Number of protein chains: 2
Amino acid sequence: MNPTIFVKMVLDAWHLKIKEANDIFNRVSDEQLLQEVAPNRNRGIYLLGHYTATHDAMLPLLGFGERIYAHLDDAFHDNPDRVKPITVSAPDLRAGWKNINAVLEDHFNKMSPEMWFTKHKAISEEDFKNQPHRNKLNVIITRTNHLAYHNGQLIFLLK
Amino acid sequence: MNPTIFVKMVLDAWHLKIKEANDIFNRVSDEQLLQEVAPNRNRGIYLLGHYTATHDAMLPLLGFGERIYAHLDDAFHDNPDRVKPITVSAPDLRAGWKNINAVLEDHFNKMSPEMWFTKHKAISEEDFKNQPHRNKLNVIITRTNHLAYHNGQLIFLLK
């Protein structure tokens, strides 16, 4: 079995869901981002920050380095929408989201297929021996599903 | 590289999203299923039928046999919600959804890891030579993302 094929399958799905998110963000104004996706649900701007914080946390998890957008966690990740004030502008959030995906992509491009099957940072060497599926590529699968889940909500911003 | 690990990664994600859907369906009454997930969006019952029709279509696609719930396509798959009348009861739809996932699971359990990397029925032998990532396991990845996307909407049925 050629691991390149499997890596391509997983990364193709990742790219598709990022494109889906970007296609929605490109169709909504900064003002529309302040609307809730449904009554009493998250606002678009919250999802934008939530996506960015989630993807940023992949940097240390995958061994790619320090976080860039950890300051977003409080408002967009560790608390529900509206609990903490949003102090970042929509254009800055849009730029951050674009940037974190580009930074991740740069790291992905340097990975050999075999490297994807090594352990991520949230599992011990010991546990990984018995659970080799908890590897770096598996992080991409779960984060793609996270994105798909919220894209299904974000699309409701469109009329 | 052991293909068993790839297969487990993909099937784990699939099972997780089916469980997520079931956890929501178990918490909503048949009456609540008739509500829209958001104003002017799909009703819960439409998503239930849509999921079932989509998973049912995987039977021929993966070479597992004839479809069981093709009669759901018109109301739940080929048309948006409310275009065609729903003539199936909520309890019957719930039973169908449970059954189709059990039928698929039976087939999955008979697959060797290598069989997952063979072509599905919607790609020609010729195209598959150049695009070996378009295999049976890839169908599970895309259908898992489909489920994740709509689960993000279905959850809005819960108060």
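On a predicted model such as this, the values are computed, not experimentally measured, just so you know. The chains referred to below are lettered A, B, ... by the order of the sequence lines, with proteins before strands, and numbering in each begins at 1.
More than 12 heavy atoms of other residues, nucleotides or ligands lie within 6.0 Å of CZ in A:Arg82, so this atom counts as buried by the packing criterion.
Of all the listed residues (A:His150, A:Arg134, A:His146, A:Arg41), the one sharing the greatest number of non-hydrogen pairs under 4.5 Å with chain B is A:Arg41. Of all the listed residues (A:Ile155, A:Leu154, A:Leu147, A:Asn2), the one sharing the greatest number of non-hydrogen pairs under 4.5 Å with chain B is A:Ile155. Comparing B:Thr142, B:Leu16, B:Asn135 by heavy-atom pairs within less than 4.5 Å of chain A, the highest count is held by B:Asn135.
For A:Ile5, the parts lying under 4.5 angstrom from a heavy atom of chain B are both the backbone and the side chain. Looking at A:Thr144, both its backbone and its side chain come within 4.5 Å of chain B, counting heavy atoms on both sides. With a 4.5 angstrom heavy-atom cutoff, A:Asn40 does not touch chain B via any of its atoms. Heavy atoms closer than 4.5 Å to chain B are found in both the backbone and the side chain of A:Leu137. Contact annotation for A:Phe117: only side-chain heavy atoms (C-beta onward) come within less than 4.5 Å of a heavy atom of chain B.
Counting all heavy atoms, side chain and backbone alike, B:Phe6 lies closest to A:Pro3 at CZ-CA, 4.1 Å. In this structure, A:Asn145 and B:Ala13 approach most closely via the heavy-atom pair ND2-CB, 3.8 Å.
For the pair B:Lys17 and A:Tyr149, the minimum side-chain heavy-atom distance is below 4.5 Å. Side-chain atoms of B:Thr4 and A:His133, non-hydrogen and from C-beta on, never get closer than 4.5 Å to each other. Within the 4.5 Å cutoff, no side-chain heavy atoms of B:Val10 are placed close to those of A:Met9.
Side-chain N or O atoms of A:Gln153 include one that pairs as donor or acceptor with a backbone N or O of B:Gly152 at under 3.5 Å.
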